[in-house]
Number of protein chains: 2
Amino acid sequence: MARVGSERVRRRPTRAGVVLDPEMIIDTALRLIEAPGGNALTVRRLGVELGADPSAIYRYFRDLDALLLAIADRLIGDSLAGFEAGPDWLVSLRELGERVHRSMLKHPRLVQLRSTRFTAGPNELRADDIGIGLLLSAGFAGSDAVRHFRDFIDTALALATMDAAELTPSQQQTEDRALAAAYASLPAEEYPHLAAVRGDLPQVTASAFPGVLDKLIDALSRAAPGAGPRPADGDAERGPAPAIGS
Amino acid sequence: MARVGSERVRRRPTRAGVVLDPEMIIDTALRLIEAPGGNALTVRRLGVELGADPSAIYRYFRDLDALLLAIADRLIGDSLAGFEAGPDWLVSLRELGERVHRSMLKHPRLVQLRSTRFTAGPNELRADDIGIGLLLSAGFAGSDAVRHFRDFIDTALALATMDAAELTPSQQQTEDRALAAAYASLPAEEYPHLAAVRGDLPQVTASAFPGVLDKLIDALSRAAPGAGPRPADGDAERGPAPAIGS
DNA sequence: TCCTTATGTCAACGCATTGACCTAAGCATA
DNA sequence: TATGCTTAGGTCAATGCGTTGACATAAGGA
């Protein structure tokens, strides 16, 4: 007995009588992150909430970042729930990207706290497996599939981080609004082109993700073997032509 | 006298006799960031190096992030030195993106420390002005130029942040190597597609930026008004046709 | 000369992290 | 069942961190 999975464990109850394990630490941490009033997750508070010395957490996670990574991986797993790859690889790939991006944005503070973008957890691996499967089904060679999917998923994660900064409730928020307003009065001598599009500048505070996603999907659809008309490399089309235009 | 630019200032020498100003704080901070032995920049060390109480820095920058942003903006400015927009907007845009990305990667620790991606400083504004000018010259309408350039520059910055994490010398570094190796032995039942491309997985540790840049440039070249042959909106070509394929 | 106030300093807060410690859990053996 | 060993894991104290509020003082205008 005293096993978790197939591993022997030797858990001692804390002073408060709680028996710790990684899952309950993640649960509690998620609860703290959700808590109102910004940045509620700290190692010390987590210790209090768990009924343990804060340093006990370091027996389970190398540091705070490792814990955050574990949480993020769980979120990715949640976002994958119910995902089914459809007949059109472009549509499925887009949905995968949207799900991953959205799952990160559900907890902006988590994303912002985290310094490593790549969780390396089982759920992200699963997302990778699905995505690469989609590209393989589109006819990409293995090495191209890996490369293209890495481009795709890294962009989704990196932009999620950037968007999270925008969503995090802080003084940053109001500053950004002020900034967008200040755009309207840029000195035309120094920034002639910005001044020329002055009226369109407020939209820069919106997320770049949708637009980037469109561009990536567009580029991938054309890069796919046997894709639509492209004069540059005029091979005879080979391989099954995927549905065009999603 | 006692003016900086057109602003009155009232600088008192520190206990050590130094008279502070924002530029010298940035200089000193940059020197600390460069210093060997990781994470040499701390507010307290900066205080020591400046010959001032650490808290004096907060009279010049709202917090550490604001200081980092100011440094990053200077780096962007440096990276823009000598940049000339050439005749081909696609080539120029690509170079602009590469320069900004590269300037951030020159100081990975800075990038990683920073929580806000957008510096909102004069140099980033100049980069924005140049980039939007390029898109306008390509024939994009103002609102499209703003939107597309935001997509472009945000991606460059966001991926720079991700790449910086890879470059930062830390235990992360070695872990990533180990990870790439571990890829080779993924359980094929759980991750069939990953297993199928197992030999190509080590390349995931490389930066996604070049590939993403290619895709964005490709998508933009096709989105440009009067762009090359695309059956969808088969207008007669108008405006100068940009060189394809760079 | 006085007044205002920008700016330097100090002490304190809660933070993540770590090394030393200690103690009980689980094993082996009899 | 009892005994003893090893060590995972809980605890404690201390470090350096960013940040802040209270305070002090000199710069510069009137």
Side-chain angles (χ1 to χ4, degrees), chain A residues 1-22 24-25 29 32-33 37-69 109-110 112-116 170-172, chain B residues 1-22 24-25 29 32-33 37-69 109-110 112-116 170-172:
Chain A
M1 45 185 87
R3 282 159 178 271
V4 170
S6 63
E7 280 177 68
R8 293 170 192 79
V9 290
R10 221 162 73 182
R11 301 275 159 67
R12 219 192 318 182
T14 67
R15 176 174 288 278
V18 195
V19 176
L20 301 175
D21 76 88
M24 78 174 291
I25 294 179
L32 281 179
I33 286 183
N39 282 17
L41 175 60
T42 70
V43 176
R44 295 168 112 94
R45 260 199 285 248
L46 184 52
V48 171
E49 204 71 11
L50 285 167
D53 188 274
S55 64
I57 291 153
Y58 292 88
R59 301 290 182 198
Y60 297 87
F61 299 94
R62 199 175 46 69
D63 56 16
L64 178 58
D65 204 50
L67 169 59
L68 296 171
L69 245 30
R109 271 194 291 275
L110 165 73
Q112 232 189 336
L113 235 39
R114 194 158 56 107
S115 79
T116 312
S170 68
Q171 68 278 33
Q172 184 66 30
Chain B
M1 46 184 87
R3 280 159 180 268
V4 170
S6 63
E7 281 177 65
R8 294 171 190 77
V9 290
R10 219 161 73 183
R11 300 274 158 66
R12 220 193 321 185
T14 68
R15 174 174 290 278
V18 194
V19 176
L20 302 175
D21 76 87
M24 76 174 290
I25 294 178
L32 281 179
I33 286 182
N39 280 17
L41 176 61
T42 70
V43 175
R44 293 167 115 95
R45 259 199 285 248
L46 185 52
V48 171
E49 204 72 13
L50 285 167
D53 188 275
S55 64
I57 291 153
Y58 292 88
R59 300 291 180 195
Y60 296 85
F61 299 95
R62 201 176 46 69
D63 55 16
L64 178 59
D65 205 51
L67 169 59
L68 296 170
L69 246 30
R109 271 195 290 276
L110 165 73
Q112 232 189 336
L113 235 41
R114 192 158 58 108
S115 79
T116 312
S170 68
Q171 68 280 34
Q172 184 66 31

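So you know, we letter chains A, B, ... as the sequences are listed, proteins then strands, and number each from 1. For the numbers below, each heavy atom of this structure counts, side chains included, while hydrogens, waters and symmetry mates do not.
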Reported CD1-to-CG distance for the pair A:I57 and A:D63, which is rounded to 0.5 angstrom: 12.0 Å

In whole angstrom, what separates B:D63's CG from D:dG21's P? 13 Å

Which of these nucleotides, D:dG9, C:dT7, C:dC10, is closest to any side-chain atom of B:R15? C:dC10

Suppose the criterion is salt bridge (Lys or Arg N to Asp or Glu O under 4.0 Å): which pairs have a residue in residues 48-58 of chain A, not counting sequence neighbours? A:R31-A:E49

Could you tell me how far apart A:L41 (CG) and C:dA16 (C1') are, to the nearest whole angstrom? 12 Å

Using a cut-off of strictly less than 4.0 Å, decide whether B:T42 has a side-chain nitrogen or oxygen near OP1 or OP2 of D:dC17. yes

Please report, rounded to the nearest Å, how far the P atom of D:dT20 is from the CG atom of B:L64. 12 Å

Need one value for B:Y58: base, sugar-phosphate or nothing, where a base atom within 4.0 Å counts as base even if backbone is also close, heavy atoms only. base

B:R44: which residues meet the side chain to side chain contact (heavy atoms under 4.5 Å, CB included) condition with it, sequence neighbours left out? B:T42, B:P54

Rounded distance (Å) that lies between atom P of C:dT7 and atom CZ of B:R62: 18 Å

For A:L67 and C:dT17, what is the distance between atoms CG and C1' respectively, to the nearest whole Å? 14 Å

For A:L64, side chain to side chain contact (heavy atoms under 4.5 Å, CB included) partners two or more places apart: A:V43, A:L67, A:L68

Which of the following nucleotides, C:dC15, D:dG18, C:dT9, is nearest to the side chain of A:R44? C:dC15

Could you work out, with side chain to side chain contact (heavy atoms under 4.5 Å, CB included) as the rule, every residue matching B:T14, not counting sequence neighbours? B:A16, B:V18, B:L20, B:A52

Between C1' on C:dC13 and CZ on A:R45, what's the gap in Å once rounded to a whole number? 13 Å

Just to be sure I understand the rule, does A:S55 reach a base, reach only the sugar-phosphate, or reach nothing, if contact means heavy atoms closer than 4.0 Å? base

With the criterion being N/O to N/O and under 3.5 Å, what pairs connect the protein with nucleotides 23-26 of chain D, and how long is each?
residue: D:dT25; atom: O4'; partner: B:R12; partner atom: NH1; Å: 3.2
residue: D:dT25; atom: O2; partner: B:R12; partner atom: NH1; Å: 3.1
residue: D:dT25; atom: O2; partner: B:R12; partner atom: NH2; Å: 2.9

Does A:Y60 have a side-chain nitrogen or oxygen under 4.0 Å from the phosphate oxygens OP1 or OP2 of D:dG10? yes

Could you measure the distance from the CG atom of B:L32 to the CZ atom of B:R45? Nearest 0.5 Å is fine. 7.5 Å

From CZ of A:R114 over to C1' of C:dA16, roughly how many Å is that when rounded to an integer? 19 Å

B:V19 meets the side chain to side chain contact (heavy atoms under 4.5 Å, CB included) criterion, sequence neighbours left out, with B:R11, B:P13

A:L113 CG to C:dT17 C1', straight-line distance once rounded to whole Å: 15 Å

